Amino acid sequence: MKFENTLAFAQELDSKDELAGFRNQFHLLKHEGHNLIYLCGNSLGLQPISVEAAIAQELKDWAELGVEGHFAGKNPWMYYHHFLTEKAAKVVGAKPKEVVVMNNLTANLHLMMVSFYRPTKQRYKILMEGSAFPSDQYAMETQARFHGYDPQDAIIELTPRAGEYTLRTEDIVAKINEHQHELAIVMMGGVNYYTGQAFDMKTIASAAHQVGATVGFDCAHAAGNLKLQLHDWDIDFAVWCSYKYLNSGPGGTSGVFVHEKHGNNPDLIRFAGWWGHDEKERFLMKKGFIPMEGAAGWQLSNAQIFPMAIHNASLMLFEEAGMDRLRSKSVMLTGYLEFILNQFSNHLTIITPSDPQQRGCQLSVVVKQDGKKLFDYLVAHHILPDWREPDVIRMSPVPMYNSFEDVYKIGQALSTYFTT
Ligand SMILES: *Cc1c(COP(=O)(O)O)cnc(C)c1O
């Protein structure tokens with residue numbers, strides 16, 4: 001599509017946008033009396049209006065039913081995670097049995113590592129992105145230590161070629177092959193939080209399996225952003241949070257994917273709790289853990305009703321919009337932002353790949369001079385991207401609630417900034 005840097009063009013795209021109405025289902029923000037252009041959906045998605053009623057329902061059942069809410073509530077708490085499973089599975093391209101919503105992201109990453117990082121004397125190394133999100137770095141470091149390895153030795157980091165910002169798939173595959181005899185697991189982000197690069201999960205999974213390693217992805221920045229096909233891509237496990245693109249609130253709950261080829265293996269080592277135990281016997285309080293089938297067999301604790309109520313309300317919007325439509329709009333919207341930013345290429349460098357297959361919503365921009373000053377200027381002009389040290393501004397127009405006009409206005413603000 002040939003983009004134009006005019007308000008009329010942006011408004012024309014908005015008028016043709018089938019998803020434009022979803023914007024009204026969110027609490028859009030104000031800043032100093034102006035409408036705020038929110039570009040931080042990659043960090044904390046906006047609040048769906050429907051969330052309040054969803055929470056109110058559970059508060060009401062608790063107030064009126066007490067413990068009976070587990071069975072007599074409108075949405076019985078005993079089965080609460082079931083209400084989310086199918087919708088969450090659709091978002092990540094999985095079978096319902098392969099998905100469960102529980103806990104928080106980093107906790108789930110550790111739980112998955114317990115099952116899928118089973119190092120041996122020969123095969124104990126972990127391959128990950130260099131400069132991965134810190135929580136993932138700490139998780140891998142302490143997993144290595146937990147199994148008695150020196151993280152310096154056990155963790156192999158992928159770094160871009162000199163002068164490049166992002167990783168090449170061929171280099172990731174080459175690294176996997178280089179370490180084929182010692183690699184236990186490949187654990188990467190689905191989309192890198194800093195550069196916005198989306199990895200070729202299918203190719204990476206296939207390369208890892210060919211050398212006998214397992215493969216897991218942290219989809220914190222991929223879930224609700226890309227059209228994932230975790231089942232078909234043959235990923236062993238994945239984890240994600242619900243508060244970024246999935247709009248489910250600060251500290252919101254997390255999702256877990258366990259491929260069905262593992263999910264039905266009761267002998268797979270895991271750390272268990274009563275909620276992962278066979279549902280039919282859960283309240284018999286018997287000795288001897290018998291896991292539920294599928295990802296549900298990794299649950300520990302009884303469901304966190306309030307974060308899950310929020311997540312459920314938000315997932316209903318994803319159900320309605322559909323990942324296909326969201327992704328199509330996203331490709332256009334981010335393509336438009338790229339076009340607008342490229343008008344200022346004397347001042348800005350986009351480090352996110354320009355190939356839409358290799359990115360989601362987010363564009364990460366290096367400002368050639370005094371990036372923090374530009375960031376502050378945008379904020380003062382009612383545009384909220386996010387700032388990442390040392391010199392990156394991340395902007396994520398999300399298809400659920402951002403518009404083409406939003407993107408056009410970013411260009412107007414940049415134009416004033418750079419010409420005055
Ligand atoms: C956002 C994010 C996290 C945050 O972890 P929590 O456990 O939810 O605090 C971890 N890893 C990645 C890759 C992230 O993007």
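Since we're looking at a predicted model, the values are computed, not measured. What's counted below: heavy atoms across the whole structure, side chains too, no hydrogens, waters or symmetry copies. Counting starts at 1 for both ligands and their atoms, in listed order.
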Problem set entry | Nearest neighbour in protein (non-hydrogen) for atom 4 (C) of ligand 1 | Tyr243 OH, 3.1 Å
Problem set entry | Protein heavy atom at shortest distance from atom 15 (O) of ligand 1 | Lys244 NZ, 2.5 Å
Exercise. Which of these passes side-chain hydrogen bond (donor to acceptor under 3.5 Å, both in side chains) with Gln362: Thr334, Asn42, Asn192?
Worked result: Asn42
Seminar exercise, completed: Candidates Leu44, Asp218, Asn103; heavy atom nearest atom 13 (C) of ligand 1 found on Asp218
For this session: Ignoring hydrogens, just give me the one of Asn104, Leu109, Asp136 whose non-hydrogen atom is nearest atom 10 (C) of ligand 1.
Result: Asp136
Exercise. Parallel, tilted or perpendicular: which fits the ring planes of Phe116 and Phe237, with parallel below 30° and perpendicular above 60°?
Worked result: parallel
Exercise. Between His147 and Tyr124, is the gap from one ring center to the other below 6.0 Å?
Worked result: no
Problem set entry | Expected output: side-chain Gln180 to main-chain Asn177 donor-acceptor under 3.5 Å | yes
Problem set entry | Which of the ligand 1 atoms, numbered from 1, are nearer than 4.0 Å to a heavy atom of His221 | 15 (O)
For this session: May I ask you to list the atoms of ligand 1 that are less than 4.0 angstrom from any heavy atom of Thr106?
Result: 5 (O), 6 (P), 7 (O)
Exercise. Between Lys125 and Asp153, is there a salt bridge with N-O shorter than 4.0 Å?
Worked result: yes
